[in-house]
Amino acid sequence: MVTWNNLDTLASFQNLQDADRVNLAEVMSGENGADRVRNYSIPMAAGLAYNYAAKQVDDNVLTALAKLAEEAQLAEKFKALYNGEVINTGEKRLVLHHMTRGQLGDAVEADGVDKRAFYVEQQEKIADFAKKVHAGEITNAAGEKFTTVVQIGIGGSDLGPRAMYLALENWAKKNNLFKMEAKFISNVDPDDAAAVLNSIDVAHSIFVLVSKSGTTLETLTNESFVKDALKNAGLDASRHMIAVTSETSPLAKSDDYLAAFFMDDYIGGRFSSTSAVGGAVLSLAFGPEVFAQFLEGAAEEDKLSLNEDALKNPAMLDALIGVYERNVLGYPATAVLPYSQALSRFPAHLQQLDMESNGKSVNRFGEPVAYPTGPIIFGEPGTNGQHSFYQLLHQGTDIVPLQFVGFKNSQIGTDVLIQDSTSQQKLCANVVAQIVAFACGKADENRNKNFEGGRPSSIIVGEQLDPKALGALLSHFENKIMFQGFVWNVNSFDQEGVQLGKVLAKRVLAHETEGALKEFSDLLNI
């Protein structure tokens, strides 16, 4: 039987707190460090591996973490989730994003339908639509092929799909799988929509409106912006727009759209990249076969997350180490540092995924928790970040755990030799150097040049960033965040924190203001 208890009530958490601290600089120096790099690694899907050698753990800490996973019933709770229990207690909903890429357990029926069959049906509809667009069977009013796809959405309807598109854009071009350029409009700031519209040929563009409810203020405002642009160009907007929405939304059966593809309430926006939310734009941009490979990588990684042994489950172990860093070592943040320019927006996606999921101060029952929960997430791709905020990471007063991502090979497959090494070798050399520099430091009598070391990191390593590897990478972090939410006993699948500002914004626009709300409104000439 699954029970939900606060972290600080678990005996295994007390044992974890009592475990001796690891001197990271010491254990990562010399041959000890070499042994750790070889031994502290777990294989992931799609040829990836999670290496945690430079984390502040040893066999004693790992044993304590495994006992915490067992007492917190992490495997059982994941099983309850994918078998269709109401895990999202705040909204009283199932949590089914895993089902968009595979059936992990029992068949789940909701709303009178088999949900796996429903998601597959939507994927097949999207694939058929995308193929017809690519073949010129679906065209603009002049019978000309579409060359650009523009996604209109915000939050999870933008961050995940945008990050995934950018991650695969160059790979697809190199492998002759690039079908259409994709652009994204998200911010209600008119400059965002205007910048995108000014950069495309609207006559040859198809727009994907993403709104589960069909009422999202920012998204509908940007849709109107786009429709005005199409009208001003003498174009029929209904020949240029498709919708991704729920079956019950006002967009579902509207004549304003060429087609509608459906999602449901059981997939949160930030977990929706493998649903129709990501499926439509990615299938149009790269072809449905590439999207299928992306789903395959995520499905393979999901299966690894079923392992009940925390030390053989990469997402679960990553989650537990993160809990140890947050709740025992007291580190407030985590930096996500992909050494791949293609992953330039991946940290922004993880920022929402993590902070919107586990940025909670009450447990699943609405009771305050007496311990820290989700960390602050930030990051940029290397080596750019090295010339930005790494100064604080190396010598600042706060220790920030680091999550590196690196690939042995570039996506383009070609490189130049400069000073006896290629650009890719230089990139990989930098990430290797950073891991060891953070862990071991460097003593110097000049305190300004002294590096204390002891700054923990992990790295996910792969051969090349391709669709399967990207799917596995996404699944790893989604499942890591889920497991951490289970440990902290919070509901990782609602986001009430985004609602209050929306309510007040509507009051401002209706001029129903007083006090500070009115004064700030006047300040901005609303």
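Both backbone and side-chain heavy atoms feed into the values below; hydrogens, waters and symmetry mates do not.
Ring pair F146/H240 is perpendicular by interplanar angle, where above 60° counts as perpendicular and below 30° as parallel. Under the 30°/60° scheme for interplanar angles, the aromatic rings of F404 and F438 are found to be tilted.
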Please assess L402 against Q434 for the test side chain to side chain contact (heavy atoms under 4.5 Å, CB included), listing each intermediate value before the final yes or no.
CA-CA 10 Å; L402 316 167; Q434 291 296 329; over 6 Å; no
Please test K360 against D494 for salt bridge (charged side-chain N to carboxylate O under 4.0 Å, His left out), starting from the C-alpha separation and ending with a verdict.
CA-CA 10 Å; K360 310 290 173 64; D494 66 2; 2.9 Å; yes
Start with the C-alpha gap between E512 and R507, add the side-chain angles, then the distance that decides, and say whether salt bridge (charged side-chain N to carboxylate O under 4.0 Å, His left out) holds.
CA-CA 5 Å; E512 297 171 356; R507 282 179 51 189; 5.3 Å; no
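Within a 6.0 Å sphere centred on NZ of K173, heavy atoms belonging to other residues, nucleotides or ligands number more than 12.
Geometrically, K132 does not engage F129 in a cation-pi contact defined by less than 6.0 Å to the ring centre and at most 45° from the axis.
Checked against a 6.0 Å centroid threshold, the rings of F294 and F286 do not count as neighbours. Aromatic ring centres of F78 and H98: separated by under 6.0 Å.
A salt bridge does not link E169 to R345: none of the charged side-chain nitrogens sits closer than 4.0 Å to a carboxylate oxygen.
For the pair L166/S344, a side-chain contact is recorded, criterion being any heavy-atom separation below 4.5 Å from C-beta on.
Among residue pairs with one or both ends in residues 187-202, those qualifying as side chain to side chain donor-acceptor pair (under 3.5 Å) are D201-H204; sequence neighbours excluded.
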